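I am attaching a structure below and will ask some questions about it afterwards.
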Amino acid sequence: MRFTRQSNSFAIILSYMMLPLKENDRPIVKKLLEAGCCARCVLRFCCLEVQSAYRKSYEDISRELCDFIRDAENKVAQVAGVPEQLTEDPPSKKIKLDTAKIDDQSEDESVLVPTVTDQGNAEPMDSDVCVVCLGVLQDFCDEAHATKISGVVKAENYQFDTMVLSVSLPAQLSVREHSCWLHIKKEVREKSMCLDKDDVIPVKEAFKWIMQGLVSKQLGGIPVVTKISRQTEQFEVGVGFTHPETDSDCHFLAGICPDCFRPTKNKQNVFTRMAVVKAIEKVSDEKFVKKFPCPPPRPASKCIAQDVQCLHVSVFVAGRYNKFSRTLPQTPWVIDGERRMESSVEELIAAPLLSSFRAEGFNFSSSGREDVDVRTLGNGRPFAVELQNPHRARFNKAEVRQLQEAINQSSDKIRVRDLQIVSRDAMGHMKEGEEDKTKSYSALIWTHKDISKDDLMFLEETKELKLAQKTPLRVLHRRPLAVRERVIHTMSTRFLDAHHFHLALRTQAGTYIKEFVHGDFGRTKPNLCDLLKTETDILELDVESVDVDWPPPIPE
Amino acid sequence: MEDLEHIKAPSVIDRYYTRWYKTDIKGKKGEDQCVLQHSNRICVITLAESHPILQNGNKIKSVNYQISAGCSRLQNKVSGKSKRGGQFLTEFAPLCRITCTDDVEYTIYSCIRGRLLEVNEGILERPELLLEKPSTEGYIAVILPKIEESKTVTNGLLSREEYENVLSNRTGGSAEPEPC
């Protein structure tokens with residue numbers, strides 16, 4: 001009850017507050033209304049920066065504009081010395097713009113009916129849809145639309161403390177805006193020489209001025225703001241409009257400025273908003289008015305509002321993982337659309353994260369990778385997961401630790417440590433070490449010839465061994481062919497039997513260990529076969545450490 | 001035979017490659033080659049163990065990748081992930097000519113359609129690798145079949161089993177006089 005009373009009194013106050021328009025706005029207002037511009041678009045082209053004016057109800061703005069024009073006529077009438085007319089035909093404040101019709105045949109120019117076309121009779125039904133905003137500021141700037149937007153946001157159950165409201169408008173709105181600008185350029189310049197097209201309030205701006213507050217109220221006061229940077233505003237809700245009826249408005253631009261509309265692979269439609277804006281900038285006013293009606297032609301229908309899109313910026317979770325299985329690939333292994341192994345490191349790590357963050361998808365990346373049959377022991381391998389469109393993004397340290405526990409409980413094939421939420425930029429540290437850092441491995445080696453402990457001694461003394469490694473045949477199908485120099489810093493051995501020993505290696509990152517052992521058809525030189533002068537093969541391989549200092553350790 | 005003493009896990013070739021054979025290439029008796037096809041579709045071309053070069057203590061005099069006046073396989077260069085610029089080969093494209101010390105020259109063929117990625121320059125300096133390690137360090141060339149042909153590229157070739165049958169029929173057949 002109280003609420004209603006307040007809003008009522010508020011409305012009463014507003015209705016008595018006149019629009020802050022000046023005398024020299026009158027010709028502009030008049031011309032725009034005649035052209036079929038909606039009330040809010042009239043305010044925009046008057047370069048009116050008072051936000052509260054736009055927030056009035058559409059009917060109120062219309063009525064006040066009507067009064068504003070009528071006042072002028074009365075003044076003109078008074079000046080012309082025909083005071084009788086004033087008393088005979090008093091201006092009615094009740095008349096709404098869309099129903100107003102002034103029976104004044106003597107003045108063809110001053111038909112004050114913005115919503116009725118002059119050539120009315122020929123057409124069956126005249127629409128009252130604005131020629132410029134195509135209804136965006138008429139029918140989609142009210143409580144009902146705000147309810148629809150906030151309803152979608154509430155249903156998705158996002159966690160956020162600020163929301164960005166973004167608007168996507170059909171590209172032809174730029175064409176219509178320009179056409180309308182050219183239509184009243186002269187009158188605007190007469191108002192002030194300083195005013196330019198840039199001073200016209202954009203449709204988007206006016207839309208946000210009206211809608212941000214309404215949506216915010218419905219969301220319980222959570223700030224709804226304009227996007228400044230990705231850092232500060234994390235959650236974005238997009239409303240889009242289309243208007244198929246007038247899509248062809250843009251097409252003439254392709255004839256004048258073909259450079260702006262080059263088809264590309266990923267673009268379905270060359271008439272993007274950016275391309276259209278760019279083309280309009282290039283086209284001279286004379287050319288534009290020759291090719292496109294000025295003011296813009298009247299549409300029969302209003303815009304269609306597309307589905308409301310909610311998007312939270314990605315959250316990045318980093319850590320280090322161990323892999324204890326020789327039958328677990330790092331990423332899903334699919335050949336010809338068929339899955340080869342049951343699970344993968346990334347799926348085991350990502351599954352609990354996806355459900356906790358209620359994210360829509362993920363990208364997994366790591367500092368290098370190991371083969372399916374290679375274990376990763378020691379401190380583990382740094383990794384990061386991008387969680388896309390998370391509905392929940394805030395986790396405290398204890399909650400992150402619980403997440404780590406959940407991952408580790410879910411499988412004994414992997415183990416995760418140092419789990420933490422990181423920034424997108426911090427991800428770079430992970431890739432930095434990929435080429436120049438050291439990696440430690442341990443391998444089980446088979447030799448063709450019998451060996452003794454003594455045969456292995458010299459390997460221990462071999463330091464900084466330079467290899468020339470051709471891209472291994474096993475990865476050559478997806479990597480360029482090259483010869484790369486790699487260094488084996490040190491090796492140590494543990495003799496097992498006449499045909500087997502353990503080899504521990506510290507190598508430059510990027511060294512292919514398997515190929516160093518078996519030689520890859522002699523394509524890695526020198527290789528262990530050369531060093532031991534017998535055929536050698538690798539039976540097992542473990543990564544013992546990945547010496548990248550990121551992410552920082554989290555004390556247990 | 002002595003290998004059986006220490007039965008080892010399957011070799012690198014056993015683990016990752018499928019062996020394919022082409023026998024009596026261009027109708028020349030015994031000129032057999034092997035195609036090692038990796039699971040990633042890359043193929044390594046080698047001599048088959050039954051090739052005349054590897055018989056009767058033959059020695060190699062020279063290996064020549066200049067297969068005609070205008071074309072040398074040594075000039076093959078590939079760049080990028082997609083291996084642009086590699087010579088495209090058909091089954092009967094010659095890869096190189098090998099001359100033995102008895103002055104008999106053998107031509108080694110591609111056996112499969114595909115892009116030439118590399119030839120083994122190691123056998124130019126050390127031709128004995130062809131004799132000592134014909135299926136590993138003594139390989140001839142690496143070829144990448146087109147992705148859409150990777151399944152069909154070995155259609156005309158013999159499996160290991162078929163190849164062994166050909167060999168046993170050959171020894172059986174040579175005991176009988178050849179019909180004129």
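Protein chains get the first letters and strands the later ones, always in sequence-line order, with residue 1 at the start of each. Everything numeric in this text was worked out from a predicted model, so none of it was measured.
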(request) Name the region of B:L117, side chain, backbone, both or neither, that has any atom closer than 4.5 Å to a heavy atom of chain A. (result) both
(message) Heavy-atom cut-off 4.5 Å, strictly under: side chain, backbone, both or neither for B:S79 against chain A?
(response) neither
(message) Quick test of your reading of the model: are A:D537 and B:R15 salt-bridged, counting only N-O distances below 4.0 Å?
(response) yes
(message) How close do A:L476 and B:K83 get, counting heavy atoms only, and between which atoms?
(response) O-NZ, 2.5 Å
(request) Using a strict 4.0 Å threshold on nitrogen-to-oxygen distance, state whether A:R523 and B:E118 make a salt bridge. (result) yes
(request) For B:E148, look at atom CD and say whether over 12 heavy atoms of other residues, nucleotides or ligands are found less than 6.0 Å away. (result) yes
(request) Heavy atoms only, distances under 4.5 angstrom: which of B:H38, B:R41, B:K77 has the most pairs with chain A? Name it, please. (result) B:H38
(message) Could you check whether atom NZ of A:K463 has more than 12 heavy atoms from other residues, nucleotides or ligands sitting under 6.0 Å from it?
(response) yes
(message) Could you check whether any side-chain N or O of B:N40 sits under 3.5 Å from a backbone N or O of A:L473, counting only pairs where one atom can act as donor and the other as acceptor?
(response) yes
(request) Assess whether atom CD of B:E125 is packed by more than 12 heavy atoms of other residues, nucleotides or ligands within 6.0 Å. (result) no
(message) Looking at B:E164, I'd like to know if its CD atom is crowded, meaning that more than 12 non-hydrogen atoms belonging to other residues, nucleotides or ligands lie closer than 6.0 Å.
(response) yes
(request) Evaluate the side-chain proximity of A:R479 to B:K81: yes if any heavy-atom separation is below 4.5 Å, no if none is. (result) no
(message) Under a 4.5 Å cutoff for heavy-atom pairs, which residue among B:G80, B:S135, B:G122 has the most contacts with chain A?
(response) B:G80
(request) Inspect the surroundings of CE in A:M341 and state if more than 12 heavy atoms from other residues, nucleotides or ligands are less than 6.0 Å away. (result) yes
(message) Among B:T136, B:I147, B:T46, which residue has the highest count of heavy-atom pairs closer than 4.5 Å to chain A?
(response) B:T136
(message) Quick check for you: to the nearest 0.5 Å, what is the distance between A:H518 atom NE2 and B:S11 atom OG?
(response) 10.0 Å
(message) If you apply the rule side chain to side chain contact (heavy atoms under 4.5 Å, CB included), what do you find for A:F521 with B:I13, and how did you get there?
(response) CA-CA 10 Å; A:F521 293 77; B:I13 292 174; 4.3 Å; yes
(message) Looking at A:E338, I'd like to know if its CD atom is crowded, meaning that more than 12 non-hydrogen atoms belonging to other residues, nucleotides or ligands lie closer than 6.0 Å.
(response) no
(message) With a 4.5 angstrom heavy-atom cut-off, is it the side chain or the backbone of B:L129 that approaches chain A, or both, or neither?
(response) neither
(request) Identify which part of A:H477 has an atom lying under 4.5 Å from any heavy atom of chain B, answering side chain, backbone, both or neither. (result) both
